[in-house]
**Student:** 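Let me give you the structure first, and then I'll get to my questions.
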Amino acid sequence: MRLDSALRDARERGDPIVVPYLVVDRARHAGLSATVRALRGAGATALELGFPFSDPIADGPVLEAASDRALRGGTRWEDLRAAARAATAHLPSAAMTYANPVLRRGRERALAELASDGLSGLIVPDLSLEEAAPWRRASDRAGISLVLMAAPGGSAERVRSIATVSRGFLYVVSRYGTTGRSGTGSAVNLAPIVRAARRAAPDLPVLVGFGIRDRRTAERALDFGADGVVVGSALEEAIARDPDPESVGKWFAGLVPRPR
Amino acid sequence: MPRRYGPYGGAFVPETLVPALDELERTWRTARRDPGFRRELRRLSETLGGRPTPLYFARNLTRRGRGAEIWLKREDLLHTGAHKFNNALGQGLLARRMGKPRLIAETGAGQHGVATAMIGAALGLTTEVYMGEVDMERQKPNVERMRLLGATVVPVRTGSRTLKDAINAALRDWIANVRTTHYLLGSAVGPFPFPAIVADFQSVIGREIRWQSVRAFGRLPDLAVACVGGGSNAIGTFRPLLRTSVELLGVEAGGRPGSVGAASLSRGRPGVLHGTYSYLLQDEEGQVRETESVSAGLDYAGVGPEHAFLHDSGRARYVAVHDRDALAAFHWVAEDEGILPALEPSHAVYAAVREARRRPKGQHIVVTLSGRGDKDLGVVTAHAAR
């Protein structure tokens, strides 16, 4: 199933959308299928596969360390492709990668490869709306949904423009700060962002990410009117504590919010 | 004010930073047309900074070259000891205009950190400087200077623990504190409008070279030479000379023979790092490579996007100079002229002497001596002992 239809179906059913984020790491490849199955069993709607980058400026300490570890372990583009083939058998999936690895591979070629491996979405955290046009054209051609991010501080007009260009879903950054738990990032009322996005793109699911770590923070995102959440750093921490797929699934099930 | 230089530049940043970049661009556009702002910038450049800096005829270096005359643009005489003052002052005034009470900065050699700490003190702004642990070790005197000027120095322990990682840390801080903080980026790199703003504030170097060379030897130089890490002193030297016939030579850090060094233009390929599309030292997977240079200030995998454009268009030439040659040039300047240059412009001096040898006596070469070498005494004496 494709990312777009999986999210739309969940939304029509009134189920909260929950998207786990897994760092692609060659050393963890053997256990990937079982982990993804466990996440599906625990209520995941779709999956985000994060390709490590040497300079992940949008990421906090947990994902930065995970990315660093994966690269030192020799993780390469081929590992993202292998992970995509394994994961998309169980959950519709999007790739998350910074701009440069895609540009180095060649944007058209990279997108064609990801599509042929079953991925149906692409998230690029350092791609601003201003730079997005050629990426949107290329991903449209490859049959991949380019997911853009909206964040606190932008005008309603800007959020509307972003929601109009974004495909698959709109990724709303929950606060000022990088991914994961943060001492400095402060809580923000996201309701105006969600409302602006709805006005511009009524059918586009809205997911909140950055700092979602338990049922309380997930439900808080739904209270702002969002359709669901993305969970990255907290899941990475849970896997580091206990990588057994059953334990990961159990932890994840405890986070899935109750339907509103 | 261009967003792009040919295909290079742009703003590849997390969405959270876009409103702050827009605000900075707006503030700068109005400030540069505001006579009050320009007056204040000029007054502080002169009375706090010591501008204009002299253009000095290096008679003995010229003798060593046995060819074209070598002149030094003495940015090392500027307050805080390097050209970094020009940009720190300008952006500090912009931060005050935006009402932001806190400055953050990255630093490699420590010169930009010292300049930011100084302007933070002078304008009453809280200042935090991110610096890689490796650089804190090799540029210790500057760490102490920043602290004495009232800044907090935050050690960066991730990645290669040098300039690139300090920029990552500063960007993350800015993402979290963007409403109260101005990121005073120190080189002509990063997302738009930074490369344009930094080049604007540094262009005072090239403007002075223009009138000073006419006054000193009756015409513009035949060649202008500057070192290039991110490329701020070089773009400041080059930009006012772009529409003249002056040849332009940028000098990158070549590291040790056989190493990749930090020569992005000579040995890299275009890519995106720290918000800009430019030449970049990267592997075949698009991961940024660790660089290596004797000079912390040039030890950076990327380069400003305007240099990428000047490189492709052929308007400027770029060469790489090895560590050992830069160290040799350091001693030439010290022993021939009685000036201790920083290791960064020592790369430019080496290339300039080589050029002087190939050129007839009637020609003039201006080298931007971007900073003084006090901070490098530890590195230089360690190498001399080997």
Side-chain angles (χ1 to χ4, degrees), chain A residues 51-61 64-65 67-68 71 74-80 97-106 110 124-132 148-155 158-159 162 171-179 182-186 188 210, chain B residues 3-4 7 9-23 25 156-160 163-181 190-192 268-278 280-290 301-302:
Chain A
F51 185 60
F53 182 52
S54 52
D55 296 84
I57 54 173
D59 285 304
E64 186 194 9
S67 176
D68 194 41
L71 286 177
T75 301
R76 299 174 59 87
W77 184 259
E78 287 308 317
D79 297 299
L80 169 62
T97 163
Y98 286 82
N100 200 51
V102 177
L103 291 175
R104 183 68 179 84
R105 190 134 191 108
V124 185
D126 55 348
L127 187 68
S128 60
L129 177 65
E130 284 71 14
E131 308 294 339
L148 295 188
M149 298 172 126
S155 63
R158 184 167 176 88
V159 174
I162 294 169
Y171 194 133
V172 175
V173 175
S174 72
R175 55 182 162 71
Y176 293 93
T178 47
T179 57
S182 155
T184 46
S186 43
V188 175
F210 285 42
Chain B
R3 219 186 144 77
R4 288 196 178 263
F12 293 83
V13 288
E15 175 63 21
T16 310
L17 293 182
V18 172
L21 294 171
D22 287 347
E23 182 190 15
E25 183 193 345
V156 178
R157 300 192 172 91
T158 53
S160 54
L163 180 56
K164 169 174 90 80
D165 311 284
I167 297 178
N168 288 341
L171 282 168
R172 291 190 182 110
D173 180 314
W174 203 31
I175 289 169
N177 302 297
V178 67
R179 286 164 297 179
T180 58
T181 299
F192 176 81
R269 309 175 46 123
V272 170
L273 175 66
H274 296 144
T276 193
Y277 182 66
S278 183
L280 180 58
L281 291 167
Q282 52 179 318
D283 67 15
E284 68 285 357
E285 290 264 306
Q287 306 293 348
V288 179
R289 296 183 65 168
E290 292 201 359

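Keep in mind the model is a prediction, meaning the values are calculated, not measured. Here is the naming used below: chain letters follow the sequence lines, and residue numbers restart at 1 for every chain.
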**Student:** Which atoms of Tyr171(A) come close to chain B, meaning under 4.5 Å heavy atom to heavy atom: side chain ones, backbone ones, both, or neither?
**Tutor:** neither
**Student:** Between Arg172(B) and Glu64(A), does a side chain to side chain contact (heavy atoms under 4.5 Å, CB included) hold up when you go through it step by step?
**Tutor:** CA-CA 11 Å; Arg172(B) 291 190 182 110; Glu64(A) 186 194 9; 3.3 Å; yes
**Student:** At a 4.5 Å cut-off on heavy atoms, which part of Leu103(A) comes close to chain B: side chain, backbone, both, or neither?
**Tutor:**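 Leu103(A) touches chain B through side-chain heavy atoms alone.
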**Student:** Using atom types as modelled and distance alone, determine if a side-chain donor or acceptor of Arg104(A) lies under 3.5 Å from a backbone N or O of Gly271(B).
**Tutor:** no
**Student:** Checking Leu280(B) against chain A: side chain, backbone, both or neither under 4.5 Å from a heavy atom?
**Tutor:** side chain
**Student:** Among Pro56(A), Ala150(A), Gly153(A), Pro61(A), which has the most heavy-atom pairs under 4.5 Å with chain B?
**Tutor:**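 If we count pairs closer than 4.5 Å to chain B, Pro56(A) comes out on top.
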**Student:** Can any side-chain N or O of Gln287(B) pair as donor or acceptor with the backbone N or O of Pro52(A) at less than 3.5 Å?
**Tutor:**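 Yes.
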**Student:** Looking at Ala151(A), is its backbone amide N or carbonyl O close enough to the side chain of Glu15(B) to form a donor-acceptor pair, meaning the two atoms are under 3.5 Å apart?
**Tutor:**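 No; zero donor-acceptor contacts below 3.5 Å.
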**Student:** So which part of Leu273(B) gets closer than 4.5 Å to some heavy atom of chain A, the side chain, the backbone, both or neither?
**Tutor:**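 Side chain only.
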**Student:** Is chain A contacted by the side chain of Asp173(B), its backbone, both, or neither, given a heavy-atom distance below 4.5 Å?
**Tutor:**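 Contact with chain A is absent: no heavy atom of Asp173(B) under 4.5 Å.
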**Student:** At what distance, to the nearest 0.5 angstrom, does OG1 of Thr178(A) lie from CG of Asn168(B)?
**Tutor:**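 Answer for the OG1-CG pair, Thr178(A) versus Asn168(B), is 11.5 Å.
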**Student:** Looking at CD1 of Ile57(A) and CH2 of Trp174(B), how far apart are the two atoms once the value is rounded to the nearest 0.5 Å?
**Tutor:**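 Between Ile57(A) CD1 and Trp174(B) CH2, I get 10.5 Å after rounding to 0.5 Å.
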**Student:** For Val288(B), is it the side chain, the backbone, both or neither that has a heavy atom under 4.5 Å from a heavy atom of chain A?
**Tutor:** both
**Student:** Heavy atoms only, distances under 4.5 angstrom: which of Val18(B), Thr158(B), Val178(B) has the most pairs with chain A? Name it, please.
**Tutor:** Val18(B)
**Student:** How long is the gap from CG on Asp283(B) to CG on Leu71(A), to the nearest 0.5 Å?
**Tutor:**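 One finds 8.5 Å between CG of Asp283(B) and CG of Leu71(A).
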**Student:** Side chains of Glu78(A) and Glu285(B): does their closest heavy-atom pair fall under 4.5 Å?
**Tutor:**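 They are not in side-chain contact.
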**Student:** Do the side chains of Val272(B) and Asp126(A) get nearer than 4.5 Å, heavy atoms only?
**Tutor:** yes
**Student:** Calculate, to the nearest 0.5 Å, the distance between atoms CD1 and OH belonging to Ile175(B) and Tyr176(A) respectively.
**Tutor:** 12.5 Å
**Student:** How far does OG of Ser54(A) sit from CZ of Arg289(B), to the nearest 0.5 angstrom?
**Tutor:**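 One finds 12.0 Å between OG of Ser54(A) and CZ of Arg289(B).
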**Student:** Quick one: closest heavy-atom pair of Gly286(B) and Phe53(A), and the distance?
**Tutor:** O-CE1, 3.3 Å
**Student:** Side chain, backbone, both or neither: which part of Gln282(B) has an atom under 4.5 Å from a heavy atom of chain A?
**Tutor:**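 Interface part for Gln282(B): side chain.
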**Student:** Under the side chain to side chain contact (heavy atoms under 4.5 Å, CB included) test, which residues partner Arg3(B), sequence neighbours left out?
**Tutor:** Glu130(A), Glu131(A), Ala11(B), Phe192(B)
**Student:** Roughly how far apart are Ile167(B) CD1 and Asp55(A) CG, rounded to 0.5 Å?
**Tutor:** 9.0 Å
